[in-house]
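All heavy atoms count here, side chains included; hydrogens, waters and symmetry mates do not.
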Amino acid sequence: MKFNKIDFEAQDVPMPSLDFQRLRKWIVSVAEDYGYRVGRLLYVFVSDKEILQLNRQALGHDYFTDIITFDYTRGDTILGEMTISLDTVASNAESVGESYQRELLRVIIHGVLHLVGINDKGPGEREIMEAAENSALEKYEETV
């Protein structure tokens, strides 16, 4: 198995302008903070139309979301595929008064945090996830 294989694709949207080398280092570092190593991760950037279709097909949900994470983690090696709607990221950024770039980084690391075992659906879990996201975002700002 190849480790630290992190790929990014854009399917029906332009590829976001990101420093992919810095992003990869950050993702690996955050995973290591939780005692995991990165195996293979794939990020697919799509539109709302595509994420709605995937949400219906894969999860039976009929609504938009910013990210869908498919978790294939084995032991201490995170493996997964994350589909991110850039449309929803943009609308969420606007609604919370955040920059698009920072909201996109939050969603990217949100998927990794799910892969290391942090949930956000149960009582009190959303606050734990938000704290983990904020901590990771601070780390990104320190990563060069």
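S95 contributes a side-chain N or O that, together with a main-chain N or O of N92, makes up a donor-acceptor pair within less than 3.5 Å. Put simply, the side chain of N55 never gets that close to the backbone of I51: no donor and acceptor are under 3.5 Å apart. Side-chain atoms of T88 do not come within 3.5 Å of backbone N or O of S85 as any donor-acceptor pair.
A distance of 10.5 Å separates CD1 of I108 from CD of E103, quoted to the nearest 0.5 Å. If you take CZ on F45 and CD1 on I67, they are separated by 9.0 Å, rounding to the nearest 0.5 Å. To the nearest 0.5 Å, atom CG of residue L113 and atom CD1 of residue I128 are 12.0 Å apart. Interatomic distance, CG of L59 versus CG of L54, reported as 7.0 Å (0.5 Å rounding).
If you check the side chains of T73 and D71, you find a donor sitting under 3.5 Å from an acceptor. In this model, no donor atom of one side chain and acceptor atom of the other lie less than 3.5 Å apart for H110 and D66.
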Take D7 and Y43 through the test side chain to side chain contact (heavy atoms under 4.5 Å, CB included) and record every step on the way to the result.
-> CA-CA 6 Å; D7 291 318; Y43 285 89; over 6 Å; no

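The existence of a salt bridge linking D76 and R37 is confirmed by a sub-4.0 Å separation between a basic side-chain nitrogen and an acidic carboxylate oxygen. Taking 4.0 Å as the cut-off between side-chain N and carboxylate O, E133 and R126 count as a salt-bridged pair.
Environment of CD in E125: crowded, with over 12 heavy atoms of neighbouring residues, nucleotides or ligands closer than 6.0 Å.
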